[in-house]
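Written below as structure tokens is the structure these notes are about.
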Amino acid sequence: MARFRHAQIANVLSLETPRYDLVGSQLAAMGHTVKSVNGQDVGGVQSIMFVSQPAAGEPGSAKRVKGYYRAGSDFRKDGEAVGW
């Protein structure tokens with residue numbers, strides 16, 4: 001998936017080349033300032049998400065939140081996402 005980055009103060013949208021090739025000219029035609037960049041200029045991300053599942057509670061017991069963690073990391077960058 002091609003990445004993007006918005007510089008708020010300069011109000012410039014930087015799109016990785018594959019995404020720029022798809023929508024860059026259309027965005028520029030709408031008045032946006034858009035430029036094509038390589039992957040090093042965009043950065044990467046690691047994220048963790050908790051997915052809750054309904055807990056079957058017993059009468060009189062405290063309810064616990066049950067679920068599991070999902071994690072992901074941008075394979076183009078050095079890093080990993082870990083949850084426990």
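This chain uses plain numbering: 1 for the first residue, then up along the sequence.
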(message) Quick check for you: to the nearest 0.5 Å, what is the distance between Ile48 atom CD1 and Arg70 atom CZ?
(response) 13.0 Å
(message) So which atom in Glu80 and which in Gln46 form the shortest heavy-atom distance, rounded to 0.1 Å?
(response) O-CG, 3.5 Å
(message) Please tell me whether Met30 and Leu15 are part of a single hydrophobic cluster in this structure, the criterion being side-chain heavy atoms less than 4.5 Å apart.
(response) yes
(request) Could you tell me the separation between the CD atom of Glu16 and the CZ atom of Arg5, rounded to the nearest 0.5 Å? (result) 12.0 Å
(message) Using the rule that Ile, Leu, Val, Met, Phe, Trp and Tyr join whenever any side-chain heavy atoms are under 4.5 Å apart, tell me whether Leu22 and Leu13 fall into a single cluster.
(response) yes
(message) Could you see if Phe4 belongs to whatever hydrophobic cluster contains Tyr20? Use Ile, Leu, Val, Met, Phe, Trp, Tyr and a side-chain cutoff under 4.5 Å.
(response) yes
(request) Decide yes or no for His6 and Asn11: does some side-chain heavy atom of the first lie under 4.5 Å from some side-chain heavy atom of the second? (result) yes
(request) Examine distances only and state if a side-chain atom of Gln53 and a backbone atom of Lys66 form a donor-acceptor pair shorter than 3.5 Å. (result) no
(request) Just jot down the ring-ring contact (aromatic ring centres under 6.0 Å, His included) partners of Phe50, sequence neighbours excluded, or say none. (result) Tyr69
(request) Could you tell me which non-hydrogen atom of Ala81 sits nearest to which non-hydrogen atom of Gly72, and how far apart they are? (result) CB-O, 3.2 Å
